[in-house]
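One structure below.
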Number of protein chains: 2
Amino acid sequence: MKRNITIKDVAHHSGFGIGTVSRAINSSEGVSQATREKILKSIETLGYKPDHIAQSMRSQKYKNVAFFADISNPVFAQIAKGAQLELEQLGYTLSLCNVGDKDVGDKILSFLEVRKFDGVILSTPREDDWKINKALSEIELPIVTINRDVPVLPPGITTDYYSSVKKAINYLLRLGHRGIVLIGGDKGIRPTREGIRAYHDAFSENNLIIDEELIKSGVFTSESGKEIFLDLCPYIKNKKITAILSLNNQMFYGILQGMKEKNLNYPEDVSLITFEDSELLQLLSPPVTVIRRPIQEMGTKIAKVLMKYIQEPELYGKLDPDTIPTEFIIRDSCKAI
Amino acid sequence: MKRNITIKDVAHHSGFGIGTVSRAINSSEGVSQATREKILKSIETLGYKPDHIAQSMRSQKYKNVAFFADISNPVFAQIAKGAQLELEQLGYTLSLCNVGDKDVGDKILSFLEVRKFDGVILSTPREDDWKINKALSEIELPIVTINRDVPVLPPGITTDYYSSVKKAINYLLRLGHRGIVLIGGDKGIRPTREGIRAYHDAFSENNLIIDEELIKSGVFTSESGKEIFLDLCPYIKNKKITAILSLNNQMFYGILQGMKEKNLNYPEDVSLITFEDSELLQLLSPPVTVIRRPIQEMGTKIAKVLMKYIQEPELYGKLDPDTIPTEFIIRDSCKAI
DNA sequence: ATGAAAGCGCTAACAA
DNA sequence: TTGTTAGCGCTTTCAT
């Protein structure tokens, strides 16, 4: 096994001490321009690469970020990609961790316990789970959340669900719909809460009374979406319900599955809008009216904010919350009544 | 900053030397059962967690695996998830790296240069690019490839494209199709090569002459798929071409886009089959006939093999190649002629 | 079976 | 500005 080139070799080759070489590497001050250049040249000719592990051990900086989310959801995969691309610029690495849906707090802690990170990117399944939150509050690292308002954490990066859901509801209202179902996830997470808030506001601003029964919450899976949809079918058939707005991409798949199963069509039998654009939704016939957001950019933004926290820890929790804008794109999945 | 519990504390608390403690932690031999238990108890009561960085520094083992692929493709995202879940079992971490499409070799090398890994999971964009392969051959780590036959690397995990593509072509042949287009990616990568081989074999086993012009290759993007499709349109209209088999999910999106744009329908105007199942393909009407493979399990398998190489380096390159089976699922996107 | 001690490659404190 | 040195927490010889 061929020995690696170490800082000692560079010191020897350049004729300076290892301290000076270290300073040159880390572009710390206290090195004359001339020396720095000579050392850099030595590094170049020797092909020296600092041992990242040894650096970490001494400096307690790891250039490593943990990503907690279910990457099999293309949305999180895109966010991960965006974040990785950004972190890479600064020499940081993104490490994946899939915490399922149970014992989330424990899993996160035990993941972090045996590994070293400088920061965390996180999408927690619930905001008000005290067990999870207790775990989160024990983490002594900057954490940037994805679309979650976790009481024990500073605000992270969020999507502007409110404006576009409101636009969408208003659009349906204008088309004459009144029996509008809102399908979201757990009511204790931001996307659902913001969606519901927008739903309420849209109705009341139009002086309409809300039927709370029309607000459905499940979990972010197609199975859950399908189940909710099937329960809705009788009301769709008797025209009590004429439109559905889904707040989640995966649930929307389930809705479409349910429609197919029940031989229902949109927009004839029910009008449809969903959150999160995709090639699928454009390819379906008719193409689906959606709320879109720039997902990969979200990842970039998340990484940027986290890096700021890592580099200036005193800023943690003091930065203004950042919200990603959304876009309401009308296609052909809604009809006027 | 509260000091961490170190191996010294455990040594002190248990009354043994740090060497013995270390041996107990690593379950190396040379520790009596009684001592081991006492030490384990001390570790428990103190809540000691070995410093993974210090361990790495001494042992040159990092419990870290690099994943090179474009995770914005849901297929790779799923593979990454499967691999992560498996690696996690053994305390290993999966770190992401997105190498785009140019300077791939350099990017991989520079990523690996400044970080420490025990192994690599890789999907290279080409198999015969000497620059990439030169880079790959310089990597002194076990590498498991995803569906690639890279000359300078041992075989990794592959999918059985051959059998199912053959089944698919035979199916189309039986339906009376002769103008069957095969759309794949770069001819220098395994999936395309295997697809073409199956295509050839299916035709010749049926004593049919192949029109090489019907084998189209592009890149794995929807844009490329669409472009190829649009070129095909005249022949579809004059019935020279009656069926298309796409070897890639992303390209298939492009084909569907093209169809939509040209107001063509399947299976009326052209029969369609694609590789890689998804909810989309089942929701489209009519649902699309596909070749399916268990993607997440692929990730698991990849991780397992890599772990074997990491734990027993002498096995590297000596294990039998592993091939993931595929399934041909007939739905309603092909009609008889 | 166990302890002592060297040293992995680096940073940071201290000296010069 | 530069060199020297301690020591980060651990594994691994080498003694005992």
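Worth saying up front: this structure is predicted, and the values here are computed from it rather than measured. Computed from heavy atoms alone, side chains included, the values below leave out hydrogens, waters and symmetry copies.
Side-chain contact check for Arg293(B) and Thr159(B): at least one donor-acceptor pair (N or O, by modelled atom type) lies under 3.5 Å. Defined by atom type and a distance below 3.5 Å, a donor-acceptor pair is missing between the side-chain atoms of Thr158(A) and Asp322(A). Looking only at atom types and distance, the side chain of Asp51(B) has no donor-acceptor partner in the side chain of Thr6(B) under 3.5 Å away.
Within the 4.5 Å cutoff, side-chain heavy atoms of Thr300(B) are placed close to those of Lys304(B).
Going from atom CD1 of Ile18(A) over to atom C1' of dT4(D) covers 8 Å, rounded to whole Å. Summarising the geometry, the separation between CD1 on Ile53(B) and P on dG9(C) is reported as 15 Å, rounded to the nearest angstrom. Taking atom NZ of Lys8(B) as the reference point, atom C1' of dA4(C) lies 12 Å away to the nearest angstrom. In this entry the distance linking CZ of Phe16(B) with C1' of dA5(C) reads 20 Å, nearest Å. Distance Asp9(B) CG to dC10(D) C1': 13 Å, rounded to the nearest Å. The distance from atom NE2 of His12(A) to atom P of dG3(D) is 13 Å, rounded to the nearest whole Å. Across the protein-nucleic acid pair, Ile25(B) atom CD1 and dC10(D) atom P stand 6 Å apart, rounded to whole Å. Atoms CD (Glu29(A)) and P (dA13(C)) sit 13 Å apart, rounded to a whole Å.
Residues Val21(B) and Arg58(B) both approach DNA chain C. Their nearest nucleotides, taken by heavy-atom distance, put Val21(B) toward the 5′ side. Taking the nucleotide of DNA chain C with the nearest heavy atom to each of Ala54(B) and Val31(B), the more 5' of the two is matched to Val31(B).
Nearest approach of Val144(B) to Gly156(B), heavy atoms of both residues: CG1-CA, 4.2 Å. Pairing each heavy atom of Asn64(A) with each of Tyr92(A), the nearest pair is N-CD2, 3.6 Å.
Nearest nucleotide to the Met57(B) side chain, out of dC8(C), dT11(D), dA1(C): dC8(C). With dT13(D), dA1(C), dT11(C) as the choices, the nucleotide that has an atom nearest any side-chain atom of Ile7(A) turns out to be dT11(C). Closest approach to the Thr6(A) side chain among dG3(D), dC10(D), dG9(C) is made by dG9(C) (side chain taken as heavy atoms from C-beta onward). Ranking dT2(D), dC10(C), dT11(C) by closeness to the Asn26(A) side chain, first place goes to dT11(C).
OP1 and OP2 of dC8(C) both lie 4.0 Å or more from every side-chain N or O belonging to Tyr62(B). Checking the phosphate oxygens (OP1, OP2) of dC10(D), no side-chain nitrogen or oxygen of Ser59(B) falls inside 4.0 Å. Proximity of Gln55(A) to the phosphate of dT11(C): a side-chain N or O atom is located under 4.0 Å from OP1 or OP2.
Thr35(A) comes within 4.0 angstrom of the backbone, heavy atoms only, and of no base. Here Ser22(A) lies in heavy-atom contact (under 4.0 Å) with a base. In this structure, Ser28(B) reaches neither bases nor backbone, as no heavy-atom distance under 4.0 Å exists between it and the strands shown.
A cation-pi arrangement is absent between Arg115(A) and Phe117(A), since the terminal nitrogen or guanidinium carbon is not both under 6.0 Å from the aromatic centre and inside a 45° cone about the axis.
With axes fitted over five pairs at each extremity, the angle between the ends of the helix from dA1(C)-dT16(D) to dA16(C)-dT1(D) is 40° (10° resolution).
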Set out, in order, the CA-CA distance, both residues' side-chain angles and the distance that settles side-chain hydrogen bond (donor to acceptor under 3.5 Å, both in side chains) for Asp70(A) and Ser72(A), then state yes or no.
CA-CA 5 Å; Asp70(A) 180 5; Ser72(A) 69; 2.8 Å; yes
